Amino acid sequence: MSAPRQSRERAEQLRRQIEHHNHCYYVLDAPEIEDAQYDRLLRELESLERDYPALATPDSPTRRVGGAPLAQFSAVRHRLPMLSLGNAFSEGDVVAFDRRVREAAGATEVAYSAEPKFDGLAISLRYEDGAFVQGATRGDGATGEDVSANLRTVRAIPMRLRAALRGSFEVRGEVLMYRTDFAALNERQRAAGEKVFANPRNAAAGSLRQLDPRVTARRALRFCAYGVGFTGDARLPRTQVQLLDRLAELGLPVARERRLVRGVAGLLAYYRELAESRPGLPFDIDGAVYKVNDFDLQEQLGFVARAPRFALAHKFPAQEAVTEILDITVQVGRTGALTPAARLAPVFVGGVTVASATLHNEDEIRRKDLWRGDRVVVRRAGDVIPEVVRVDKPGPRRAADRFRMPACCPVCGSPVVRLEGEAVARCTGGFACAAQRKEALLHFAQRRAMDIEGLGEKLVDQLVERAMVDSPADLYRLTIEDLQSLERMAQKSSRNLLDAIAASRGRPLGRFIFALGIPGVGEEVAKVLARHFGTVEAFLEADWGALAERKLELARENAARKRRGQRLEARIMEGIGPELSDSLAKFLGAAHNREVIQALAAAARPADDASAVAKGALGGKVFVITGTLPALTRDQARELIERHGGRVTGSVSSNTDFVVAGTEPGSKLDRAREIGVRILDEDGLRELLGQAR
DNA sequence: GATCCTCGAGTTCC
DNA sequence: CTCGAGGATC
């Protein structure tokens, strides 16, 4: 039965009123009615929607009480990456930032938008045709988690923008919790015997990551917008200050403390004022954010790595606390590195209780002159990693209190060496060291490597200690009986782990190479290697000496071409220089290592790298062959290109990507020069295919 | 040879 | 997140 007109109109009216009051409360910070009145409106709407479910629109404020719990969050790829900002910790850093901007702008004074830096969680909201459809956490900047259901419960986030914006419109901002709401929440948690949060930021993070949105709905989260992501063809202002005003007009909460300032003097004055007003603000901030106001200038400045050159986060000095070094212990890492860590008397600093801090290496300890029993100043560097800043007051300093790097590995007893010119001391036990075997396994299983879910520290400890697993290859031989003999591993957990191990078969070659844990080979280098070689076999058979030579040749060639103003040739394995080549050659030169990798590859069966083999560096690229090639017949060349995913055609056009030219080329070569198509010789082709000769 | 940038490695707490 | 070192560039 459809709802009577009267009810329909009333529901619509209520929705408008409620959103209006949300706006007054959360955006304008100027409520017009009492909370009780607001609740009455909401309850009336709820009851109407109960009677006539057809009235319950997807953007209804009643939805804000939270829907059904989720099993897990799904991943959301950000249409535009969510970047992080460069940090400034001193006025000098800010002066340098302003100087770089002015130099690039060719101006004597630049206008900036200055805003508070909220201590919350960055999120991205997507509106379609003005209606909220999805919200995601920042994640790693490229991919975040879909927390839409939780964000719907955040009343400061409008479900509908106050303008008919067609298409996609992404808003970027921060989810946070007011200090008073945080205190009240902890009060409730304590009363209910549940865990209390260390600070508002953690409370906000914990609330946003709830799988049950009804819990989030009770958590009084706020939101503040500070920018946009993908905005389609929405017509927007061309300065940051005006953009923020526009976001406010659209019904989004925007920091009141935002301001347009001029020059470095303006930035620093803003910073000081903000620092002064900080204690009186209802929420935590950890600094100021400066953005070049003019978007054209922003674009001109561009990006360095993952951070924009046109913006800066000016952090407040980290909070410091004083505590005592109870002991200095040593940990053994995957590469055998012995890392000293200070065990501290627990101390509350920067929102959490810190009990230990890394001391990096021996030199660092000497530089800071740290002894067991010293009273030291501790802070959380960059708000995360605890750091021992300096000695506050020396302890008794008996001879035994001085730190000495052990001569033998505390885990396996092998000799410890510190190579000339290196900062770290290493255990020489290698594979014989249980600590290194454990770390190697954890590295192998970690998410960015083979991603074996559930294989964590506790489990690896047991597997290694009981000698059930020595190397990663052994993982693939585990049986359910093996696993069930372990602590806390009954039928179900064992099954899950076996499934997870099985699921790690067929991972991309790049991950596999990364998972091997070869010194100096991280995620990026592993990817480069995978793209270059395509298969485990090719990787194992590589002739590193020849490669190094070709790299040198190519570098010389490129230098020569550059002098002549010609286009540079593609490079071979960018990012892999002499050091890495040597280290790889040595590692893969050892028969033992090659055998282990072969056995592991047979068990884990990594997938050949598509960009080198199937699609090729050539994925769909169009080739034309002309002239006689030194080693290949035309048919062989065609076959080679096609096997790597390229196409070979007969005539040169604007669609042609490469012309492969041999001796006595025809008119096709002239035509290629004319249109500016890239020309390769046979060697160039092989390079493209990632093949050594 | 100097300088800037990127990547790897180690790390803390919830 | 930070530090150090390798790699690229001028």
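Please read these numbers as outputs of a predicted model, since none were measured by experiment. Only heavy atoms go into these numbers, but all of them, side chains included; no hydrogens, no water, no symmetry mates. Below, chains carry the letters A, B, ... as their sequence lines are ordered, and counting in each starts from 1.
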**OP:** Using heavy atoms to find the nearest nucleotide of DNA chain B for A:R309 and A:A355 separately, return the residue whose nucleotide is more 5′.
**Re:** A:R309
Which nucleotide in [options] has an atom nearest any side-chain atom of [X]:
| X | options | value |
| --- | --- | --- |
| A:L580 | B:dC7, C:dG7, B:dA9 | C:dG7 |
| A:A341 | B:dC13, B:dT12, B:dG8 | B:dT12 |
| A:S356 | B:dC7, B:dC14, B:dT12 | B:dT12 |
| A:F89 | C:dT2, B:dT12, C:dG7 | C:dT2 |
| A:T335 | B:dT12, C:dG4, B:dA9 | B:dA9 |
| A:V525 | C:dG4, B:dG10, B:dG8 | B:dG8 |
| A:P578 | B:dC5, C:dG7, B:dC13 | C:dG7 |

Subject >> Short side-chain to backbone donor-acceptor contact, A:T153 and A:P213, under 3.5 Å >> reply: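 Not a single qualifying donor-acceptor pair exists.
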Rounded off to whole Å, could you give me the [atom1]-to-[atom2] distance for the [X] and [N] pair?
| X | N | atom1 | atom2 | result |
| --- | --- | --- | --- | --- |
| A:Q436 | B:dA9 | CD | P | 13 Å |
| A:E457 | B:dT11 | CD | P | 11 Å |
| A:K438 | B:dG10 | NZ | P | 16 Å |
| A:R448 | B:dG8 | CZ | P | 10 Å |
| A:K368 | C:dT2 | NZ | P | 13 Å |
| A:N202 | B:dC13 | CG | C1' | 8 Å |
| A:R334 | B:dT11 | CZ | C1' | 14 Å |
| A:R100 | B:dC4 | CZ | P | 10 Å |

[X] vs [N]: side-chain N/O to OP1/OP2 distance below 4.0 Å:
| X | N | answer |
| --- | --- | --- |
| A:Q331 | B:dT11 | yes |
| A:T358 | C:dC1 | no |
| A:T339 | B:dT11 | yes |

**OP:** State whether a side-chain donor-acceptor pair under 3.5 Å links A:T335 with A:R426.
**Re:** yes
Table please: side-chain donor-acceptor pairs of residues 95-105 of chain A below 3.5 Å, with sequence neighbours left out.
{"from": "A:D98", "atom 1": "OD1", "to": "A:Y112", "atom 2": "OH", "distance (Å)": "2.6"}
{"from": "A:D98", "atom 1": "OD2", "to": "A:R102", "atom 2": "NE", "distance (Å)": "2.8"}

Original post:
Think A:R172 forms a cation-pi with A:Y226, using NZ or CZ under 6.0 Å from the six-ring centre and within 45 degrees of its axis?
Top reply: no
Subject >> A:R366: salt bridge (charged side-chain N to carboxylate O under 4.0 Å, His left out) partners, not counting sequence neighbours >> reply: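 By the salt bridge (charged side-chain N to carboxylate O under 4.0 Å, His left out) rule, A:R366 matches A:E362.
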